[in-house]
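Everything on this sheet refers to the single structure shown next.
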Amino acid sequence: MTTVTSPLAGRAIGLAAVPDPVFSGAMVGPGTAIDPVREPSEAVSPVDGVIVSLHPHAFVVVDGEGHGVLTHLGIDTVQLNGQGFELLVSKGDTVTRGQAVVRWNPAEVEAAGKSPICPVVALEATADSLSDVVDSGDVKADDQLFSWR
């Protein structure tokens, strides 16, 4: 069982509320989403594992059980070409839960006309493999978002 924790502080809103049909339809995988606090912050790793994909706007950490967790910082933020994002680790690095991965400012993302909402997705999972999914209420970084069996 893998416990996936929040990569940032904000309000859990669930995937269905993400303003992107690929995420809201769980086409990438099941999970939840966070509407982040609008202040400069660091997105942290939601699990212990290895960074297998790393972009300014998104990263994937694979844990020891082979579970890949995608954290996507905002919607359509790839169009910002990395502006406003600072990578704090490298692809291939081993990270621990709560370790800072990307520094960013959700308010700047919003000012650039993009949604700062952050999907947190269990890649290659089925909805019934997740339990205790948090899709409402305030969360802090490192609060549990879901369990993955």
Side-chain angles (χ1 to χ4, degrees), residues 2-47 49-63 66-93 95 97-127 129-130 132-148:
T2 296
T3 297
V4 177
T5 55
S6 184
L8 26 90
R11 188 171 45 89
I13 61 168
L15 280 184
V18 174
D20 180 299
V22 172
F23 289 112
S24 64
M27 291 179 221
V28 180
T32 190
I34 307 298
D35 188 359
V37 295
R38 303 301 194 268
E39 58 190 34
S41 61
E42 293 173 343
V44 302
S45 181
V47 293
V50 176
I51 301 279
V52 298
S53 179
L54 181 64
H55 304 278
H57 64 279
F59 58 91
V60 175
V61 182
V62 173
D63 73 2
H67 293 148
V69 180
L70 167 67
T71 299
H72 203 285
L73 301 175
I75 302 301
D76 294 331
T77 44
V78 65
Q79 297 167 4
L80 300 176
N81 296 314
Q83 185 173 345
F85 297 86
E86 180 187 354
L87 299 177
L88 304 174
V89 298
S90 299
K91 184 177 175 182
D93 284 0
V95 293
R97 178 190 320 277
Q99 181 176 339
V101 177
V102 178
R103 185 174 294 125
W104 73 309
N105 186 342
E108 288 180 6
V109 165
E110 202 165 46
K114 307 298 178 194
S115 169
I117 289 172
C118 298
V120 181
V121 176
L123 298 174
E124 299 177 22
T126 57
S129 64
L130 303 189
D132 304 316
V133 178
V134 176
D135 58 11
S136 64
D138 292 338
V139 294
K140 298 184 302 291
D142 295 329
D143 283 357
Q144 181 171 331
L145 289 182
F146 53 86
S147 296
W148 186 354

Any side-chain heavy atom of [X] within less than 4.5 Å of one from [Y]?
{"X": "P119", "Y": "V28", "answer": "no"}
{"X": "S6", "Y": "I34", "answer": "yes"}
{"X": "P36", "Y": "W104", "answer": "yes"}
{"X": "W148", "Y": "D63", "answer": "no"}
{"X": "V121", "Y": "L15", "answer": "yes"}

Which pairs with one or both residues in [range] pass salt bridge (charged side-chain N to carboxylate O under 4.0 Å, His left out), sequence neighbours excluded?
{"range": "residues 8-22", "result": "R11-D35"}
{"range": "residues 111-127", "result": "none"}
{"range": "residues 68-82", "result": "none"}

Can you see which heavy atom on [X] is nearest to which on [Y], and at what distance?
{"X": "L73", "Y": "A43", "result": "CD2-CB, 3.8 Å"}
{"X": "A141", "Y": "V44", "result": "CB-CG2, 4.3 Å"}
{"X": "T71", "Y": "P7", "result": "CG2-CG, 3.6 Å"}

Using distance only, find each side-chain donor-acceptor pair of residues 80-92 under 3.5 Å and give its atom names and separation, not counting sequence neighbours.
unit_1 : atom_1 : unit_2 : atom_2 : d
E86    : OE1    : R103   : NH1    : 2.8
E86    : OE2    : R103   : NH1    : 3.4

key: Derivation of the side chain to side chain contact (heavy atoms under 4.5 Å, CB included) call for Q144 and D132   = CA-CA 9 Å; Q144 181 171 331; D132 304 316; 4.2 Å; yes

Nearest 0.5 Å, please: how far is [atom2] in [Y] from [atom1] in [X]?
{"X": "T5", "Y": "D143", "atom1": "OG1", "atom2": "CG", "answer": "8.5 Å"}
{"X": "I117", "Y": "T77", "atom1": "CD1", "atom2": "OG1", "answer": "12.0 Å"}
{"X": "R38", "Y": "S41", "atom1": "CZ", "atom2": "OG", "answer": "10.5 Å"}

message = Please enumerate all residues that pass side-chain hydrogen bond (donor to acceptor under 3.5 Å, both in side chains) together with Q99, with sequence neighbours excluded.
response =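 Here no residue qualifies.
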
ask   = Is the backbone N or O of T3 less than 3.5 Å from a side-chain atom of R97, with the two atoms forming a donor-acceptor pair by type?
value =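 At least one qualifying donor-acceptor pair exists.
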
request  = Determine, stepwise, if the pair V4 / T32 fulfils side chain to side chain contact (heavy atoms under 4.5 Å, CB included).
outcome  = CA-CA 10 Å; V4 177; T32 190; over 6 Å; no

ask   = In chain order, what residues pass the side chain to side chain contact (heavy atoms under 4.5 Å, CB included) check against A16, with sequence neighbours excluded?
value =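 A16: no side chain to side chain contact (heavy atoms under 4.5 Å, CB included) contacts found.
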
